[in-house]
Amino acid sequence: MWAAHALLDLSEDARLRMPDGADTRLFPEAAPLLDRPWPAGAPWVAGPWPAPHGVPLDRLGPDDGTAVGAVVDTDSCCVHDGTDRLALRLRADGQPVSVALWRNLGGFPQPNPYRSTGVEPMLGRVFDLADAGPGDAARVPASGEVRWRLTLTGACRCPETPAP
């Protein structure tokens with residue numbers, strides 16, 4: 001697995017833009033925020049971006065003591081903070097790609113939490129290979145080589161089309 005691990009210092013007004021409806025996996029630390037009980041033994045629950053199971057991930061807002069990890073099934077993301085923009089896009093032929101999100105609004109680590117946002121284009125769709133299902137993990141082909149291209153730009157390239 002590989003991920004670009006961009007930790008961003010974003011304001012309360014920042015927004016994250018990814019394709020509406022993109023499949024989004026939430027992980028157990030999000031359980032108290034869900035609009036339903038966490039399924040027993042589930043490594044994640046999935047719902048559509050931008051608010052899977054009632055958890056709004058696209059708007060950061062003020063510190064509220066929460067920390068949420070998510071993986072969004074998309075190859076691109078755009079971060080808006082005031083007039084600043086950061087667009088990220090990952091391409092890897094024949095490999096699953098996604099964008100991991102770590103939205104820490106003062107909920108981690110205890111006892112001294114802080115605010116941080118991680119926007120992380122990655123190969124694969126899981127944090128732990130033990131949880132990978134079909135098509136969730138990158139595979140090294142017989143050639144022994146996997147190539148990818150990560151593009152970062154300050155020009156807005158917001159995903160504006162519905163998820164596949």
Side-chain angles (χ1 to χ4, degrees), residues 1-35 44-93 95-110 112-128 136-138 146-164:
M1 240 187 287
W2 173 86
H5 190 70
L7 290 179
L8 306 174
D9 182 16
L10 300 173
S11 77
E12 294 179 359
D13 298 322
R15 296 191 62 204
L16 305 174
R17 299 199 52 195
M18 294 187 236
D20 284 345
D23 189 58
T24 303
R25 294 176 178 176
L26 294 173
F27 293 84
E29 65 273 0
L33 306 174
L34 298 186
D35 57 8
W44 69 75
V45 295
W49 178 267
H53 298 284
V55 181
L57 296 175
D58 60 331
R59 296 179 186 269
L60 297 182
D63 290 356
D64 62 8
T66 65
V68 176
V71 175
V72 184
D73 189 7
T74 185
D75 66 355
S76 58
C77 176
C78 192
V79 181
H80 293 213
D81 194 1
T83 58
D84 295 325
R85 303 288 184 265
L86 177 63
L88 305 98
R89 184 171 204 168
L90 178 63
R91 297 287 193 201
D93 290 341
Q95 302 292 337
V97 296
S98 58
V99 175
L101 170 63
W102 172 243
R103 191 194 72 176
N104 181 12
L105 301 179
F108 179 85
Q110 295 302 327
N112 299 306
Y114 56 89
R115 179 185 182 95
S116 69
T117 305
V119 179
E120 306 167 13
M122 62 186 267
L123 295 180
R125 294 187 187 106
V126 291
F127 292 130
D128 186 337
D136 281 343
V146 173
R147 291 178 180 246
W148 62 85
R149 178 182 175 151
L150 175 62
T151 304
L152 299 128
T153 180
C156 185
R157 293 184 179 173
C158 286
E160 301 196 72
T161 56

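Reckoned from all heavy atoms, side chains included, excluding hydrogens, waters and symmetry mates. If you're wondering where the values come from, they're calculated on a predicted model, not measured in any experiment.
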Discussion item. Which residues pass the ring-ring contact (aromatic ring centres under 6.0 Å, His included) test with Trp102, not counting sequence neighbours?
Written reply: Phe108
Item to complete: Decide yes or no on side chain to side chain contact (heavy atoms under 4.5 Å, CB included) for Trp49 and Leu16, but give the supporting numbers first.
Response: CA-CA 10 Å; Trp49 178 267; Leu16 305 174; 4.2 Å; yes
Response to the item:
One should read off an interatomic distance between Ser116 OG and Arg103 CZ, to the nearest 0.5 angstrom, of 11.5 Å
Worksheet item: Does any non-hydrogen side-chain atom of Val126 lie less than 4.5 Å from one of Val71?
Response: no
Worksheet item: Are the side chain of Ser76 and the backbone N or O of Thr74 linked by a donor-acceptor pair below 3.5 Å?
Response: no
Discussion item. If I compare all heavy atoms of Pro109 with all of Tyr114, which pair ends up nearest, and what's the gap?
Written reply: CD-CE2, 3.1 Å
Worksheet item: Between Thr66 and Asp64, do the side chains contain an N or O donor and an N or O acceptor separated by less than 3.5 Å?
Response: yes
Fill in: Test side chain to side chain contact (heavy atoms under 4.5 Å, CB included) applied to Val99 and Leu88, step by step
CA-CA 9 Å; Val99 175; Leu88 305 98; over 6 Å; no
Fill in: Check: Pro48 and Asp20 side chains under 4.5 Å, non-hydrogen atoms
no
Worksheet item: Which heavy-atom pair separates Leu105 from Gly61 by the least distance, and what is that distance?
Response: CD2-O, 4.3 Å
Discussion item. To check you understand the geometry: which heavy-atom pair defines the closest contact between His80 and Cys156, and what is its length?
Written reply: NE2-SG, 3.5 Å
Fill in: Leu90 CG to Cys77 SG distance, which is reported to the nearest 0.5 Å
12.0 Å
Worksheet entry | Between CG on residue Asp81 and CG on residue Leu60, distance to nearest 0.5 Å | 8.0 Å
Worksheet item: If you measure from CD on Glu120 to CG on Leu8, what distance do you get to the nearest 0.5 Å?
Response: 9.5 Å
Worksheet entry | Side chain Arg25, main chain Arg125, donor-acceptor under 3.5 Å | yes
Discussion item. Measuring only between side-chain heavy atoms, which start at C-beta, is Leu57 closer than 4.5 Å to Leu26?
Written reply: yes
Worksheet, complete the sentence: Heavy atoms of Asp35 and Gly54 approach each other most closely as OD2-N, 3.6 Å
Practice prompt. Locate the shortest heavy-atom distance separating Ala46 from His53; write the atom from each residue and the value.
Written response: O-NE2, 2.7 Å
Item to complete: Could you check if a side-chain atom of Glu12 sits within less than 4.5 angstrom of a side-chain atom of Arg115, using non-hydrogen atoms only?
Response: yes
Worksheet item: What is the distance from atom CZ of Arg149 to atom CZ of Arg89, rounded to the nearest 0.5 Å?
Response: 10.5 Å
Practice prompt. Check step by step if side chain to side chain contact (heavy atoms under 4.5 Å, CB included) holds for Thr117 and Leu7.
Written response: CA-CA 6 Å; Thr117 305; Leu7 290 179; over 6 Å; no
Worksheet item: Looking only at heavy atoms, which two atoms of Pro52 and Thr24 are closest? And how far apart?
Response: CG-CG2, 3.7 Å
Worksheet item: Who are the side-chain hydrogen bond (donor to acceptor under 3.5 Å, both in side chains) partners of Arg91, not counting sequence neighbours?
Response: Asp75
Worksheet item: Can you tell me how far the CG atom of Asp136 sits from the CG atom of Asp128, to the nearest 0.5 Å?
Response: 11.5 Å
